[in-house]
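We name chains A, B, ... by the order of the sequence lines, and we start the count at 1 in each one.
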There are 2 protein chains.
Amino acid sequence: MMELTRKGEYAIRGIVYLASRPADQVCLLSEIAKAVDVPQTFLAKIFQQFSKIGLVRSYRGTGGGFILGRTSDKITLLEVVEAVEGPIIPNRCVTGAGECDRSNACTVHPVWLKVQDQVRDLLNGITLKELSGQ
Amino acid sequence: MMELTRKGEYAIRGIVYLASRPADQVCLLSEIAKAVDVPQTFLAKIFQQFSKIGLVRSYRGTGGGFILGRTSDKITLLEVVEAVEGPIIPNRCVTGAGECDRSNACTVHPVWLKVQDQVRDLLNGITLKELSGQ
DNA sequence: TTAAAAGAAGACTTAATTGGTCTTTTAGGG
DNA sequence: CCCTAAAAGACCAATTAAGTCTTCTTTTAA
């Protein structure tokens, strides 16, 4: 339970590697994929998601590649994980509206809320800077 | 991410219902399934898993059914969840031996360990007694 | 204007989830 | 001793999700 998918694992590996590179120079996807041992085609989609929400900035064409969208101390592990895995929701209960049709009886509800909070807090306290050992 | 599967949801619903019933009388699977609105065939498998690890005790034949394997204050939500969803492991890293072949570089490892600990602690602190409102 | 690179869409494969069915075992009651 | 109620167990099937690869488009520096 609670296992990260490959996608999430790859996402973390990839962006942590990017964070470990000089901040001012673009990094090829092919380089990242090779360095962290992830299928490049898969990593491409992951970085597209990152790009859409500004976690990374992309440059196309010759000399293109990726750089971080913000400095590595301003990007949290929570953002990275949620970018590709979706929001952290231990149970349909905690999503709110109508999802928990048994809400009256659902005594488990508050427990999941607490789990959600704790995990989010913890992941939110970790930045790429720390993870990349800079 | 971190979402419980149906199986986990059903498992909780089912055993919480059982905990809400008189402790000294066996309860039919068909009754539980109907009460918590879960396919009986699916719930059967879940309760078989419960039975194997002693979370519930089963009686076959006429007048058979299920009762809790221990009193409801001695069964935690963690046990229930792990019984059907497997151990709480946010990332292959924390499983130990060889799973994290990149362990040297894996700075994320300790974070997942912390997540694992926190979630396990929290779920371990909740008993069926509380959940069943007794 | 061409080659390098990311963006986008989708096809395909494999694995997990969510059930169902049918047979077997166990136990109680007439 | 048979019949019936109930869980156990072994399969099986549909659906969904995960993971991977392919192909084509768009952008842009040289």
Side-chain angles (χ1 to χ4, degrees), chain A residues 1-15 18 21 25-69 81 83-86 89 91-92, chain B residues 1-15 18 21 25-34 36-69 81 83-87 89 91-92:
Chain A
M1 187 211 173
M2 279 188 47
E3 231 170 311
L4 222 55
T5 63
R6 292 270 164 92
K7 194 174 177 185
E9 224 181 296
Y10 292 171
I12 296 173
R13 281 200 221 163
I15 203 167
L18 182 57
R21 305 270 73 202
Q25 74 184 58
V26 298
C27 194
L28 287 182
L29 185 68
S30 55
E31 180 194 329
I32 305 173
K34 201 180 162 196
V36 299
D37 190 31
V38 166
Q40 186 176 331
T41 52
F42 200 1
L43 196 63
K45 286 178 189 170
I46 293 168
F47 270 67
Q48 277 169 34
Q49 290 186 260
F50 285 161
S51 178
K52 272 177 193 163
I53 59 172
L55 239 45
V56 304
R57 192 168 307 164
S58 72
Y59 298 94
R60 324 221 298 200
T62 311
F66 294 90
I67 58 168
L68 288 184
V81 170
V84 296
E85 299 272 17
I89 297 169
N91 183 277
R92 291 162 193 82
Chain B
M1 187 213 173
M2 279 188 46
E3 233 171 309
L4 223 54
T5 63
R6 291 274 162 89
K7 193 174 176 185
E9 225 182 296
Y10 293 171
I12 298 172
R13 281 200 220 163
I15 202 166
L18 182 57
R21 304 270 73 200
Q25 72 183 61
V26 298
C27 192
L28 287 182
L29 184 69
S30 54
E31 179 194 330
I32 305 173
K34 202 180 162 196
V36 299
D37 191 29
V38 165
Q40 187 177 330
T41 54
F42 201 4
L43 195 64
K45 288 171 192 168
I46 293 169
F47 269 67
Q48 276 171 37
Q49 290 187 261
F50 284 161
S51 179
K52 273 179 191 160
I53 60 172
L55 240 47
V56 304
R57 193 168 308 163
S58 72
Y59 299 94
R60 322 218 302 200
T62 312
F66 295 90
I67 58 169
L68 288 183
V81 169
V84 296
E85 299 272 16
I89 297 168
N91 185 275
R92 289 161 193 81

Nearest-angstrom distance from the residue atom CD of Glu9(B) to C1' of dG19(C): 15 Å
Assign each of Gly61(B) and Gln40(B) the nucleotide of DNA chain C bearing its closest heavy atom; nearer the 5' end lies the nucleotide of Gln40(B)
For the residue pair Ile67(B) and Leu18(B), what are the closest heavy atoms and their distance? C-CD2, 3.9 Å
Distance (rounded to the nearest 0.5 Å) between Met2(B) CE and Met1(A) CE: 5.5 Å
Checking dT20(D), dG7(C), dT18(C) against the side chain of Lys7(B) (C-beta onward), the nearest is dT18(C)
Rounding to an integer number of Å, can you tell me how far Arg60(B) CZ sits from dA7(D) C1'? 6 Å
Counting only side-chain N and O atoms of Arg6(A), is one of them less than 4.0 Å from OP1 or OP2 of dT20(D)? yes
Do Ile15(B) and Leu68(B) pass the side-chain contact (heavy atoms from CB on, under 4.5 Å) test, and can you show the C-alpha distance, the side-chain angles, and the key distance before you say yes or no? CA-CA 8 Å; Ile15(B) 202 166; Leu68(B) 288 183; 3.8 Å; yes
Round to a whole Å and report the spacing from CG of Leu28(B) to C1' of dA27(C). 14 Å
Which donor-acceptor pairs under 3.5 Å do side chains of residues 42-54 of chain B form with protein atoms, sequence neighbours excluded?
from     : atom 1 : to       : atom 2 : distance (Å)
Gln49(B) : OE1    : Lys7(B)  : NZ     : 3.0
Gln49(B) : NE2    : Ala83(B) : O      : 3.3

Check the distance between dT20(D)'s P and Lys45(A)'s NZ and give it to me in whole angstrom. 11 Å
Counting only side-chain nitrogens and oxygens, does Thr5(B) get under 4.0 Å of the OP1 or OP2 atom of dT18(C)? yes
From CG of Leu43(B) across to P of dT17(C) the rounded distance in Å is 17 Å
Tell me what Phe47(B) touches on the nucleic acid: a base, only sugar-phosphate, or nothing, going by heavy atoms under 4.0 Å. nothing
Quick one: is dG28(C) close enough that its OP1 or OP2 comes under 4.0 Å of any side-chain N or O from Thr62(B)? no
Would you kindly give the CD1-to-C1' distance between Ile67(A) and dA5(C), to the nearest whole Å? 15 Å
So, taking the atom named CG in Asp37(A) and the one named CZ in Arg13(A), what distance separates them when rounded to the nearest 0.5 Å? 6.5 Å
Between Phe42(A) and Tyr59(B), who's closer to the 5' end of DNA chain D by nearest nucleotide? Tyr59(B)
Nearest 0.5 Å, please: how far is OG in Ser58(B) from CZ in Phe66(B)? 5.5 Å
How far does CD of Glu85(B) sit from CD of Glu9(B), to the nearest 0.5 angstrom? 9.5 Å
Residues from residues 48-58 of chain A sitting under 4.0 Å of DNA chain C, heavy atoms only? Gln48(A), Ser51(A), Lys52(A), Ser58(A)
May I have the distance from Glu3(B) (atom CD) to dA17(D) (atom P), rounded to whole angstrom? 10 Å
Calculate the interatomic distance between Met1(A) atom CE and dT17(C) atom C1'; express it in whole Å. 16 Å
